[in-house]
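Please read the structure below before turning to the comments.
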2 protein chains.
Amino acid sequence: MRISELARRSGVPVGTVKYYLREGLLPAGEPTAATQAQYGEDHVARLALIRALLGTGGLSISTARAVLAAVDDPALSPHDMIGAAHSALPTMAENERPDLSTAQAHLRRWEWQVHEDSPAVSSLAQGLLALQAAGFDTTDQMLDRYARAAHELGEQDVAEVPMDSPAEAVRYVVIGTLLLEPVLLALRRLAHEDVSARRLST
Amino acid sequence: MRISELARRSGVPVGTVKYYLREGLLPAGEPTAATQAQYGEDHVARLALIRALLGTGGLSISTARAVLAAVDDPALSPHDMIGAAHSALPTMAENERPDLSTAQAHLRRWEWQVHEDSPAVSSLAQGLLALQAAGFDTTDQMLDRYARAAHELGEQDVAEVPMDSPAEAVRYVVIGTLLLEPVLLALRRLAHEDVSARRLST
DNA sequence: CATTATTAGACAGCTTAACTTTCTAACTAC
DNA sequence: GTAGTTAGAAAGTTAAGCTGTCTAATAATG
């Protein structure tokens with residue numbers, strides 16, 4: 001199909017499709033002449049993924065480019081894949097250098113085997129710092145609850161990664177990690193509502 | 001203190017402090033003359049909260065204004081407070097009107113008592129839609145896991161809300177809901193890392 | 001074959017958000 | 001009295017994510 005049909009099928013304006021091509025998010029079509037190219041079903045699917053990452057996933061263009069590059073990359077070992085996927089994932093601005101010691105102390109307490117300089121450690125540190133700055137006291141007990149819940153989810157998540165195809169595994173990890181996040185947050189808010197409603201009615 | 005000291009103490013540039021005053025995020029100081037005003041410790045604390053909401057919380061100025069208005073509001077019943085806090089919380093763009101039926105079916109399955117038109121239902125629906133659009137099949141079993149984890153967290157969260165002071169309760173709910181979200185996501189990613197590392201080493 | 005529509009690629013322009021700078025008239029501190 | 005500070009308003013800045021315009025080439029149609 002040509003670009004106008006691709007745009008129609010995907011619901012993305014032609015100008016925006018061209019923009020994604022320029023930005024390297026969408027692979028170029030098969031050129032048939034100097035001013036013509038053919039696009040396929042994979043382009044339609046890729047556009048849906050791009051919109052999901054940019055919209056629901058909340059990624060910037062440059063982060064999405066990195067994530068998609070990881071998805072496209074035929075990766076190495078399963079563990080390396082998860083690492084590569086995670087390091088392509090968005091985190092906070094790098095110029096921020098929060099104090100990692102508190103976060104690392106918690107991780108040691110839980111005996112989690114993670115790299116000390118993993119980007120998620122910085123995210124955790126920054127999150128804890130923001131809570132503190134906002135005057136919200138976090139007890140170890142509360143963080144332990146969150147860590148336990150997160151670890152249970154993570155265990156099942158990893159168990160469900162399809163290990164047969166490396167490419168499929170990376171795709172699963174990247175999309176599952178990123179796009180399940182808004183779902184988890186929405187569920188937590190709905191759970192708050194439910195618990196609060198039950199307390200009121202009893 | 002005067003504005004330059006407030007700026008120094010909070011680490012926020014004077015121009016930005018003025019901007020937050022203009023935008024109604026920071027209450028005005030006590031005016032001592034036509035071109036002079038006094039600020040106090042509460043202004044320093046408020047600035048820290050504003051930066052946490054805008055930075056780590058990822059809120060826009062206008063959403064932060066709504067959230068802070070909820071924090072300032074001496075609210076009603078505990079349940080209403082949680083509702084008010086949640087409706088002030090950021091969600092997706094309102095112009096999007098995703099199909100809520102799938103999300104509502106899940107909520108009925110879990111027998112959660114939530115408003116059908118709660119903003120979090122739209123977020124959930126949109127999240128599920130994004131997963132589907134990205135070609136990630138979500139099983140009921142997987143969503144049940146996430147729902148159970150979210151509900152356990154939510155139960156404990158609500159139990160810890162200080163019910164003595166309404167103002168303090170709203171503040172706790174708003175900040176706790178918003179600023180624990182990045183912490184939860186960071187923990188989930190670290191759990192992925194840990195689980196993956198353990199699988200590799202055994 | 002002639003006419004009309006479409007396209008790739010380059011580039012400039014637009015819109016919004018979050019600041020940041022500049023300005024003026026008033027103050028304050030020494 | 002003189003140098004520095006401030007409130008408030010308004011204009012300017014920067015970055016992200018598109019969106020519109022243009023040109024030469026190609027395709028579709030009668």
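Remember, predicted model here, so these are calculated numbers, not experimental data.
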Give a yes-or-no answer on whether the side chains of A:Arg51 and A:Tyr20 include a donor-acceptor pair shorter than 3.5 Å.
yes
Is the shortest side-chain N to carboxylate O distance from A:Arg188 to B:Glu152 below 4.0 Å?
no
Checking A:Arg46 side chain against A:Leu25 main chain: does a donor-acceptor pair fall under 3.5 Å?
yes
For B:Ser60, which contact category applies under a 4.0 Å heavy-atom criterion: base, sugar-phosphate, or nothing?
sugar-phosphate
Nucleotide nearest B:Ala34 when distance is taken to its side chain, options C:dC27, D:dC18, D:dT26:
C:dC27
N or O in side chain of B:Thr16 less than 4.0 angstrom from C:dT20 OP1/OP2
yes
Between B:Val14 and A:Ser4, the residue closer to the 5' end of DNA chain C by nearest nucleotide is A:Ser4
Is it the case that the ring center of A:His151 lies less than 6.0 angstrom away from the ring center of A:Trp112?
yes
In residues 39-55 of chain A, which ones come under 4.0 Å of DNA chain D, going by heavy atoms?
A:Leu54
Whole-Å gap separating C1' (D:dC18) and CG (A:Leu59)
17 Å
How many whole angstroms separate atom OH of B:Tyr20 from atom P of D:dG8?
18 Å
Rounded to whole angstrom units, what separation is found between the OH atom of B:Tyr19 and the C1' atom of C:dC19?
6 Å
Under 3.5 Å, side chain of B:Arg9 to main-chain N/O of B:Val44, donor-acceptor pair present?
no
Need to verify one output field. Residue with the more 5' nearest nucleotide on DNA chain D, A:Pro13 or B:Arg2?
B:Arg2
Tell me whether the side-chain N or O atoms of A:Arg22 pair up with the base of D:dT19 as donor and acceptor below 3.5 Å, since no angle test is needed here.
yes
Interatomic distance where CG belongs to B:Leu21 and C1' belongs to D:dG8 [whole Å]:
10 Å
Rounded to the nearest angstrom, tell me the gap between atom NZ in A:Lys18 and atom P in D:dC22.
14 Å
What is the distance from CG of B:Leu6 to P of D:dA7, rounded to the nearest Å?
10 Å
Whole-Å distance, B:Leu26 CG to D:dG8 P, equals 12 Å
In whole angstroms, how far is the C1' atom of C:dA17 from the CG atom of B:Leu25?
13 Å
Going by atom types alone, do A:Trp110 and A:Asp144 pair a side-chain donor with an acceptor below 3.5 Å?
yes
Check the side chains of A:Tyr146 and B:Asp157 for a donor-acceptor pair under 3.5 angstrom, ignoring hydrogens and angles.
yes
